[in-house]
There are 2 protein chains.
Amino acid sequence: MKDIALRAGVSESAVSFALNGRPGVSPVTRERIRRVAEQLGWQPRAAARALSGEGSATVGLVLARPARTLGVESFFLQLVSGIQEELSERGLGLLFQVVEGLDAECATYRRWWAEHRVDGVLVVDPRQDDPRPDLLGGLGLPAVMIGDADRATADDESPAVSTLGADDAGIMAAIVSHLHALGHRRITHIAGLPEFAHTQRRIASLRAEAARLGLTEATSVTTDYSDSEGAAATRRVLDQPQPPTALIYDNDVLAVAGLAVALERGIRVPDQLSLVAWDDSVLCRSVHPALTAPLRDTAAFGRHAAQALTALLDGAPAGHTQEPLPRLEARGSTGTAPATAPQEGRSGPRQTS
Amino acid sequence: MKDIALRAGVSESAVSFALNGRPGVSPVTRERIRRVAEQLGWQPRAAARALSGEGSATVGLVLARPARTLGVESFFLQLVSGIQEELSERGLGLLFQVVEGLDAECATYRRWWAEHRVDGVLVVDPRQDDPRPDLLGGLGLPAVMIGDADRATADDESPAVSTLGADDAGIMAAIVSHLHALGHRRITHIAGLPEFAHTQRRIASLRAEAARLGLTEATSVTTDYSDSEGAAATRRVLDQPQPPTALIYDNDVLAVAGLAVALERGIRVPDQLSLVAWDDSVLCRSVHPALTAPLRDTAAFGRHAAQALTALLDGAPAGHTQEPLPRLEARGSTGTAPATAPQEGRSGPRQTS
DNA sequence: CGCAAAGACTAAAGCGCATTAGCTCTTCGC
DNA sequence: GCGAAGAGCTAATGCGCTTTAGTCTTTGCG
């Protein structure tokens with residue numbers, strides 16, 4: 001910067017003014033300085049900038065999931081990819097951290113805050129009684145809860161925390177309607193981790209929809225999102241005396257694992273059993289039969305989250321944004337329910353080809 | 001820090017010395033300062049630290065893949081997870097960026113370097129005639145090429161660039177041996193992007209192994225790693241007059257897509273066709289039949305990469321590390337080759353159940 | 001014509017830490 | 001007993017940028 005000032009024959013302050021669009025330099029001087037800076041390929045040093053008032057030009061994202069379930073869902077990289085699109089435009093960096101649990105996640109926020117390493121954070125996997133909005137609100141660290149949050153908390157206490165909602169209820173309604181229209185009356189929902197708020201919302205939505213449609217046999221079982229628990233839960237459910245004719249899985253991995261169990265048992269999909277995956281992904285399209293799934297635009301979701309955060313960083317008040325309802329793409333894994341003979345024993349599990 | 005100095009009754013310098021383990025303070029004073037600092041929950045501000053000589057305590061990782069193939073492989077998140085384990089211990093942050101292409105990737109390195117935003121970078125997907133080692137070497141930005149690199153370049157020009165090699169040749173040899181032992185004589189390799197160095201190495205290794213074993217029909221076709229190209233390539237290969245009896249896929253997504261094609265055509269796996277996936281993942285274990293795959297410890301791979309980088313940051317000379325050869329896990333997708341009747345027309349494709 | 005106000009620019013302070021030079025007091029060696 | 005050495009600490013400087021408080025010049029207007 002000193003160089004630029006020297007070569008342009010002005011003071012360092014003038015350079016700073018010129019390059020940051022501040023008033024105090026004539027248009028002609030400004031242009032001259034701009035040219036010199038560009039010629040020298042100058043870029044402000046991030047640390048210096050951060051030290052003198054500006055933020056760190058970085059937002060944080062921490063992923064707290066057991067290692068076992070990491071890296072299986074397409075969801076996160078898609079989300080991050082969308083987040084980046086928005087952040088890059090604003091010249092913001094993304095500080096990324098993978099940790100084991102919630103405590104470590106909170107510790108990470110505290111550290112980032114203390115070190116002034118990030119200007120804000122994006123928070124995923126909202127939970128029931130989530131301590132994070134309060135924590136972040138208390139620290140005054142701008143944040144966006146991705147995938148909704150307890151509204152009660154969000155409203156009162158933490159004006160720095162925005163929320164971005166996915167329409168879990170709407171999606172669940174669409175799925176259940178789809179299955180109901182195909183004649184399914186016994187539906188089981190293989191859900192994810194019970195401590196996640198969206199898991200609870202989905203479970204509640206299933207119950208509500210079932211009530212609305214008069215379905216008496218619509219239940220949810222929770223898993224840890226891992227393939228092994230997905231397979232185990234599927235086995236358990238299919239072993240019931242009156243197994244369901246349709247299964248709803250909370251993510252693609254669970255669904256694929258479930259599909260494998262069905263194939264392994266010689267159960268024909270979708271003739272004998274219909275499957276729905278909550279998240280669409282390459283996975284859902286790759287397996288045979290392809291899995292019916294809601295077509296969420298995850299990258300857009302990430303983009304919107306990043307937008308909500310940048311708005312917050314610009315001083316806008318915290319708010320709530322709702323994602324539009326995605327379309328449910330019917331694929332090969334869902335079909336008309338098998339003829340409902342009252343004595344269902346024969347079409348149950350254990351049909352080894 | 002001023003606070004700490006005040007409360008401990010010493011100067012700021014003493015605090016700095018004490019907290020950074022520098023000589024110049026008595027043990028008892030040091031302990032007192034430590035206690036006060038802890039009590040106040042003090043953390044050095046990252047920007048200030050970076051400004052005064054220290055590095056930015058951050059390393060960068062940029063992912064340059066077409067959006068289509070993003071977020072499908074478990075590989076990356078696993079890798080990142082391993083990287084983090086190592087970095088966290090050293091208090092280093094990970095700045096993460098997703099871009100569309102190689103040019104954007106290089107631009108990102110330049111910007112990070114100019115802004116002093118990172119102390120070093122981890123580079124994935126080495127390519128043929130890769131411009132990145134030279135670029136990074138030229139900038140003097142410490143870097144680790146993950147998954148080997150052109151040794152020629154690495155040796156001479158860029159003393160700041162280490163390489164971490166995966167034993168592609170060894171894995172390919174193991175796979176081919178496995179298939180050969182099962183009686184397979186016609187093998188096709190559905191590879192990834194041809195511009196990646198490891199793709200070329202795998203192709204070359206297949207050729208070498210085939211020559212060694214006297215296989216005349218061992219070929220490779222390249223794809224962009226996407227499920228659609230994986231499926232398309234599989235169809236094309238199976239449509240040949242003398243289709244192969246075994247397919248080797250360069251990642252899990254390709255393999256799963258290929259498996260779906262086989263199932264769709266009613267080709268029994270592994271009775272009529274054996275499949276091998278290069279990367280193991282939940283995916284490979286979830287589908288039915290489960291896919292034979294080499295059990296690479298991807299998290300360890302990431303850990304080692306991070307270790308190589310921290311070594312570099314500590315001033316160690318650049319070097320090359322080699323990952324151990326992973327074990328090939330035989331699963332349901334590989335079996336003995338179908339009886340090789342000279343007239344093979346019947347067991348070809350188009351067997352609709 | 002004189003004075004105020006606006007415009008263009010510079011000097012200097014400060015952000016929070018690390019570091020170097022310097023200062024004081026004790027201890028040791030001869 | 002006196003100088004040197006060293007331990008324990010403080011004062012001051014600098015990192016590269018932003019920003020505030022000026023300085024100087026020009027312009028407008030009564």
Side-chain angles (χ1 to χ4, degrees), chain A residues 1-38 40-58 91-93 111-119 313, chain B residues 1-38 40-58 91-93 111-119 313:
Chain A
M1 202 161 142
K2 215 181 298 179
D3 272 5
I4 299 178
L6 227 58
R7 301 205 191 194
V10 293
S11 70
E12 284 186 53
S13 331
V15 176
S16 178
F17 290 148
L19 264 27
N20 291 319
R22 291 239 147 41
V25 272
S26 66
V28 38
T29 311
R30 187 181 300 263
E31 194 45 46
R32 179 160 42 96
I33 294 176
R34 280 229 172 96
R35 217 183 317 266
V36 176
E38 185 161 351
L40 261 57
W42 178 85
Q43 292 285 112
R45 198 168 285 209
R49 221 177 200 161
L51 192 54
S52 49
E54 311 288 290
S56 58
T58 310
L92 296 173
R111 192 164 42 75
W112 279 350
W113 173 82
E115 296 179 349
H116 290 241
R117 249 178 179 282
V118 297
D119 297 337
L313 296 181
Chain B
M1 202 162 140
K2 213 180 301 178
D3 271 5
I4 300 178
L6 227 57
R7 301 203 191 195
V10 293
S11 71
E12 284 187 52
S13 332
V15 176
S16 180
F17 290 149
L19 263 29
N20 291 317
R22 292 243 140 49
V25 273
S26 67
V28 37
T29 311
R30 186 181 301 264
E31 194 45 47
R32 179 159 42 96
I33 294 176
R34 279 230 171 94
R35 220 184 314 268
V36 175
E38 185 161 350
L40 261 56
W42 178 85
Q43 292 285 112
R45 198 169 286 209
R49 244 206 167 126
L51 194 53
S52 48
E54 310 288 291
S56 58
T58 310
L92 296 173
R111 192 163 44 74
W112 279 350
W113 174 81
E115 295 179 349
H116 289 241
R117 247 177 179 287
V118 297
D119 297 337
L313 295 180

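As the structure is a computational prediction, the values presented were derived from the model and not from experiment.
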Which atom names give the shortest non-hydrogen contact between [X] and [Y], and what distance separates them?
X        : Y        : answer
B:Ala47  : A:Ala50  : CB-CB, 3.5 Å
B:Ile33  : B:Ala18  : CD1-CB, 3.7 Å
B:Arg117 : A:Gly93  : NH2-N, 4.2 Å
A:Ala57  : A:Asp119 : N-OD2, 2.9 Å
B:Leu40  : B:Ile4   : CD2-CG1, 4.0 Å
A:Arg111 : B:Gln43  : CG-NE2, 3.8 Å

Phosphate-side-chain proximity, [X] and [N], N/O vs OP1/OP2 below 4.0 Å:
X       : N      : result
A:Ser52 : C:dC15 : no
B:Trp42 : C:dG16 : no
B:Arg45 : C:dC15 : no

[X] [atom1] - [N] [atom2] separation (whole Å):
X       : N      : atom1 : atom2 : result
A:Leu51 : C:dA18 : CG    : C1'   : 12 Å
A:Arg32 : C:dC9  : CZ    : P     : 7 Å
B:Glu12 : C:dG16 : CD    : C1'   : 8 Å
A:Arg22 : C:dT10 : CZ    : C1'   : 17 Å
B:Asn20 : C:dG16 : CG    : P     : 17 Å
B:Gln43 : C:dC17 : CD    : C1'   : 14 Å
A:Glu31 : C:dC9  : CD    : P     : 13 Å
A:Leu6  : C:dT10 : CG    : P     : 12 Å

**Report entry** Residue closer to the 5' end of DNA chain D, B:Thr29 versus B:Gly53 (nearest nucleotide)
**Finding:**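 Nearest-nucleotide comparison on DNA chain D picks B:Thr29.
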Query raised in the report: Quick one: does A:Glu31's side chain get under 4.5 Å of A:Arg34's, heavy atoms only?
Result: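 Yes, side chains in contact.
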**Report entry** Contact boundaries on DNA chain D for chain A, cut-off under 4.0 Å to non-hydrogen atoms
**Finding:** D:dG16 to D:dT20
Query raised in the report: Which nucleotide, C:dT10, C:dC9, C:dT19, lies nearest any side-chain atom of A:Phe17?
Result: C:dT10
How would you label the contact of [X] with the nucleic acid (heavy atoms, under 4.0 Å): base, sugar-phosphate, or nothing?
X       : result
A:Gly24 : base
A:Ser16 : base
A:Met1  : base
B:Ser13 : base

